[in-house]
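Nothing here was measured: the structure is a model prediction, and the numbers come from that model.
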Amino acid sequence: MTGPGTPAAARVRAVRLGPRALAALVLTSAVGVAAFGWPFLAPPTAQLSAHAQDAPWLFAGVLVLLVAVVAATISESDLGPKAVAMLGVLAATGAALRPIGAGTAGIEPMFFLMVLSGRVLGPGFGFALGSVTMFASALLTGGVGPWLPFQMLSMGWFTMGAGLLPGPVRLRGRGELLLLAAYGFLAAFAYGTLMNLAGWPFLGAAASNISFDPHAPVPANLARFVAYCLATSLGWDMGRAVCTTLLTLALGPAVLRALRRATRRAAFETPVTFDGPGA
């Protein structure tokens, strides 16, 4: 029970991130960083052939580690079927939102829901939600390919970041909304940059002076990569960032209240018990 004068919203805390869940998240993120960055460290004589060969192994590894993150989060936070149901509902909603506006100037409504969900449900749950949502949306839209594990990792980090923002309990109102909008704007660019990084090293000579050069030093390749992002995806990323910001500001208060109300009623921190007949 909360005392008089305690705001109802303060009773809802993000799902705790225990040591096992944290270890699983760190391991998953380390695998992701290696997967995104290995072309920079590969010797010039290495035969780079996009992600057609390594993607299935990365996908299998991401799924195993994702299960570990979910299992550790559930076991350390006394979560149960209610958490799995919440994960399924939000992932299905995000997957359904993704096709709306897809292919039009980066307008992707799914991102604002991931920001708000990560904020309410915490980093561990957020990482799982982002990854599962991207997987479900790929099945829904037919977007399954070598890029999928990289999309799952990027969206997992995107949603997890919202859960790591300061003031998860006390910060409310306009201040929280502005914080989430600013995060969504910047993180939308970060997501696009990561996805560029997943495919850019394999363009070969097709993009001339902005393509990856295996013989060039890392600083030179980073400069080429920045030029590539500015030339090819800046407009798309800007559309995603603006869409995420506007939807967060416009719908954020209502969605945050709904998510917190659902979390409070689900009583995530209270284990499920069943009373026998006549109890």
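- In this structure, the side chain of Ser137 engages the main chain of Met134 through a donor-acceptor pair within 3.5 Å.
- Within the model, atoms SG of Cys243 and CE of Met238 stand 13.0 Å from one another, a figure rounded to the nearest 0.5 Å.
- In this view, Leu186 satisfies the side chain to side chain contact (heavy atoms under 4.5 Å, CB included) rule with no residue, not counting sequence neighbours.
- With sequence neighbours left out, the ring-ring contact (aromatic ring centres under 6.0 Å, His included) criterion links Phe111 to Phe158, Tyr191.
- Checked by atom type and distance alone, the side chain of Ser131 pairs as donor or acceptor with a backbone atom of Met152 at under 3.5 Å.
- Considering every non-hydrogen atom in both Gly163 and Pro123, the closest pair reads O-CD, 3.5 Å.
- With Arg119 contributing its side chain and Ala162 its backbone, the two residues share no donor-acceptor pair below 3.5 Å.
- Using a 4.5 Å heavy-atom threshold, the side chains of Leu171 and Pro166 count as separate.
- Between Leu90 atom CG and Leu259 atom CG the span is 6.0 Å, to the nearest 0.5 Å.
- Two residues are said to be in side-chain contact when any heavy atoms from C-beta on lie closer than 4.5 Å; Phe127 and Leu25 meet this criterion.
- Here the closest non-hydrogen pair linking Cys229 and Asn196 is SG-ND2, 3.4 Å.
- Note: the hydrophobic cluster containing Leu116 does not contain Val89 (ILVMFWY, side chain heavy atoms under 4.5 Å, direct or indirect links).
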Evaluation steps, side chain to side chain contact (heavy atoms under 4.5 Å, CB included), between Val115 and Thr159: CA-CA 6 Å; Val115 171; Thr159 313; over 6 Å; no

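- With a 4.5 Å cut-off on side-chain heavy atoms, Phe225 and Thr193 count as touching.
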Step by step, work out the salt bridge (charged side-chain N to carboxylate O under 4.0 Å, His left out) result for Glu176 and Arg260. CA-CA 14 Å; Glu176 181 182 38; Arg260 284 174 173 139; 2.6 Å; yes

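- The nearest pair of heavy atoms linking Thr248 to Leu177 is O-CD1, 3.5 Å.
- In this structure, OG in Ser117 is found 5.5 Å from CG in Leu129, a value given to the nearest 0.5 Å.
- Minimum heavy-atom separation, Val33 to Trp157: N-CH2, 3.9 Å.
- A distance of 9.0 Å separates OG1 in Thr244 from CE in Met110, rounded to the nearest 0.5 Å.
- Counting only heavy atoms from C-beta outward, the side chains of Leu230 and Ile210 never approach each other to under 4.5 Å.
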